[in-house]
2 protein chains.
Amino acid sequence: MVSKYLAIYNEIITKIESGEIESNTKLSSENELMKEYSVSRDTIRKSLNLLEQNGYIQKIKGKGSFVLDINKFDFPVSGLTSFKELSEKIGVKSSTIVKELELIKPDKFLMKQLNVSKDDEVWKVIRVREIGDKKIILDKDFFNKKFVPVLTKDICEDSIFEYIENELGLRIGFAKKEITVQQATEEDKKYLDLENYNMIVVVKNYIYLDDTSLFQYTESRHRPDKFKFVDFARRSY
Amino acid sequence: MVSKYLAIYNEIITKIESGEIESNTKLSSENELMKEYSVSRDTIRKSLNLLEQNGYIQKIKGKGSFVLDINKFDFPVSGLTSFKELSEKIGVKSSTIVKELELIKPDKFLMKQLNVSKDDEVWKVIRVREIGDKKIILDKDFFNKKFVPVLTKDICEDSIFEYIENELGLRIGFAKKEITVQQATEEDKKYLDLENYNMIVVVKNYIYLDDTSLFQYTESRHRPDKFKFVDFARRSY
DNA sequence: AAGTGGTCTAGACCACGCG
DNA sequence: GCGTGGTCTAGACCACTTG
């Protein structure tokens with residue numbers, strides 16, 4: 001059961017991405033859209049606000065809503081998108097190699113990052129992402145076993161993200177992302193095709209569930225020349 | 001004239017940041033807040049949605065709104081915040097040195113980035129940001145003269161951003177940000193205290209006005225060890 | 001003056017969490 | 001069953017843009 005405003009939001013996105021609604025043109029006014037979809041103005045406005053937030057349109061008072069053409073490519077790396085979704089969108093052949101998969105007792109660093117006690121058990125997953133035959137990304141994931149009782153190599157090779165949302169039914173609420181650049185470690189050099197690079201782009205991700213519990217800590221370590229982060233931001237008051 | 005929901009939004013932020021409302025506690029329910037502020041539920045909901053979007057609270061159906069404690073520090077680098085706002089927030093002594101300020105004819109690269117023709121004139125501003133006596137950031141800004149007729153050294157040493165919003169009254173709508181890591185150029189080495197680092201974190205910013213016109217292109221070049229980008233993301237449908 | 005989006009209101013029903 | 005937030009409606013007034 002999907003809400004009306006989400007349905008309309010998705011329908012308009014489809015129209016924009018398929019080119020049925022051209023970019024830089026005006027969208028129908030809120031009044032027209034009300035009639036078109038037989039809903040109240042507030043429902044239309046919810047859909048349009050979502051479109052605006054996510055960079056599809058820009059509303060201008062007194063004039064109308066205009067379709068932006070920024071979203072053509074290079075948008076996906078933002079937000080919470082996973083590696084699998086990403087590589088599928090870009091359409092580059094890529095693969096995931098699981099290097100380590102085990103249950104561990106957290107050390108001090110992990111206890112702090114994952115907000116767990118020394119008696120909790122934690123899944124540790126280390127994966128290498130290969131893009132076009134080069135080992136480019138080293139992913140280190142840590143989950144509290146409380147939330148994820150079972151984890152297999154197959155799941156890790158596919159998408160842990162999908163498993164969590166679809167199979168376990170856990171709903172992800174929000175995430176904090178931190179990007180820095182560091183000296184490459186021995187581990188980086190061991191697992192990745194670093195060529196002559198001695199630095200690594202580190203993306204730390206703290207992922208929280210809907211009920212605000214910290215659920216996962218992830219470190220994604222990228223070869224600097226292959227790293228790109230794109231973000232869309234609106235002025236927030 | 002500020003809208004009610006923005007006023008309430010800001011009031012609640014103040015309460016959260018001052019500690020009057022403690023983190024990890026429950027906020028008053030929408031019903032209570034209605035009475036408290038003597039407004040309709042919809043107005044309260046607008047305020048709470050803003051708070052949720054910006055990472056102050058998490059709403060949970062059937063339970064209530066909970067105050068998050070993520071926003072303590074390290075949040076500002078996200079979004080559209082300017083260097084001046086940022087260093088004021090962090091409270092580190094910093095200064096800006098204007099290296100170049102001139103009107104130029106755009107080359108091919110700029111024509112593409114700024115979406116201007118060869119007959120337009122473009123402001124070129126090059127500034128070095130000093131943090132704690134070290135030259136850390138090289139900022140290269142380009143504006144279409146059409147939007148900014150006058151620009152002085154004084155303005156560039158203060159905040160171009162404030163000048164644009166307050167003096168010129170231009171309203172910024174949204175921005176696209178792109179982060180990559182590149183080899184340091186001769187220009188980087190000339191202007192910055194790079195020490196032994198030979199790479200540079202490049203943050204490209206495309207800034208658009210309210211009416212969707214591309215207004216400014218900025219390249220912010222950071223010494224890698226001093227770079228940090230923090231982002232808060234909610235799952236977007 | 002007419003049309004647009006922005007704000008605000010009042011009321012209704014629903015789905016969820018908890019006791 | 002009660003209180004919570006989520007969705008939807010209908011109507012009103014305002015500020016802004018354009019002809």
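Lettering of chains follows the sequences in order, A, B, ..., and the numbering in each one begins at 1.
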**Asked** Just how far is it from atom OG of B/S65 to atom NZ of B/K63, taken to the nearest 0.5 Å?
**Response** 12.0 Å

**Asked** Ignoring hydrogens and geometry, is there a side-chain-to-backbone donor-acceptor pair from B/K204 to B/K177 under 3.5 Å?
**Response** no

**Asked** Which whole-number value in Å describes the distance from B/L6 CG to C/dT7 P?
**Response** 7 Å

**Request:** Indicate the ring-plane relationship of B/F232 and A/F174, choosing parallel, tilted or perpendicular according to the 30° and 60° boundaries.
**Result:** tilted

**Prompt:** Should the heavy atoms of other residues, nucleotides or ligands under 6.0 Å from CD of A/E102 be counted, would the total exceed 12?
**Reply:** yes

**Request:** Check for a donor-acceptor pair, side chain of A/S213 on one end and backbone N or O of A/L209 on the other, with a separation under 3.5 Å.
**Result:** no

**Prompt:** What's the NZ-P distance between B/K26 and D/dG3, to the nearest Å?
**Reply:** 12 Å

**Message:** Once you measure the plane-to-plane angle for A/Y217 and A/F142, does it fall in the parallel (<30°), tilted (30-60°) or perpendicular (>60°) bin?
**Reply:** parallel

**Complete:** Atom CD of B/E32 and atom C1' of D/dG5 are separated, to the nearest Å, by 13 Å

**Prompt:** B/E52 has an atom CD; how far is it from atom P of D/dT4, in whole Å?
**Reply:** 17 Å

**Nucleotide C/dG6, atom P - distance to CG of B/L50 in whole Å** = 13 Å

**Message:** Below the 4.0 Å mark, does D/dC8 have OP1 or OP2 next to a side-chain nitrogen or oxygen of A/Y5?
**Reply:** no

Are any protein N/O atoms closer than 3.5 Å to N/O atoms in nucleotides 9-11 of chain D? If there are, list each pair with its distance.
{"unit_1": "D/dT9", "atom_1": "OP1", "unit_2": "A/K4", "atom_2": "NZ", "d": "2.8"}
{"unit_1": "D/dT9", "atom_1": "OP2", "unit_2": "A/S40", "atom_2": "N", "d": "2.7"}
{"unit_1": "D/dT9", "atom_1": "OP2", "unit_2": "A/S40", "atom_2": "OG", "d": "3.0"}
{"unit_1": "D/dT9", "atom_1": "OP2", "unit_2": "A/T43", "atom_2": "OG1", "d": "2.7"}

**Prompt:** Can you tell me how far C1' of D/dA15 sits from CG of B/D210, to the nearest Å?
**Reply:** 14 Å

**Item:** With A/F143, the ring-ring contact (aromatic ring centres under 6.0 Å, His included) member among A/W123, A/F215, A/F161
**Value:** A/F215

**Request:** Please work out which residues in residues 57-66 of chain A have a non-hydrogen atom less than 4.0 Å from an atom of DNA chain D and list them by number.
**Result:** A/K61, A/G62, A/K63

**Item:** Backbone N/O of B/D119 and side chain of B/K105: donor-acceptor pair under 3.5 Å
**Value:** yes

**Prompt:** Between B/E30 (CD) and D/dC2 (P), how many Å, whole number?
**Reply:** 20 Å

**Message:** I need the CG-C1' distance between A/N31 and D/dA12, as an integer number of Å.
**Reply:** 14 Å

**Message:** So that I can tick it off, tell me whether A/R129 and A/D139 are bridged by a salt bridge, with the cut-off set at under 4.0 angstrom between side-chain N and carboxylate O.
**Reply:** yes

**Prompt:** Is the shortest side-chain N/O distance from B/S29 to OP1 or OP2 of D/dG3 below 4.0 Å?
**Reply:** no

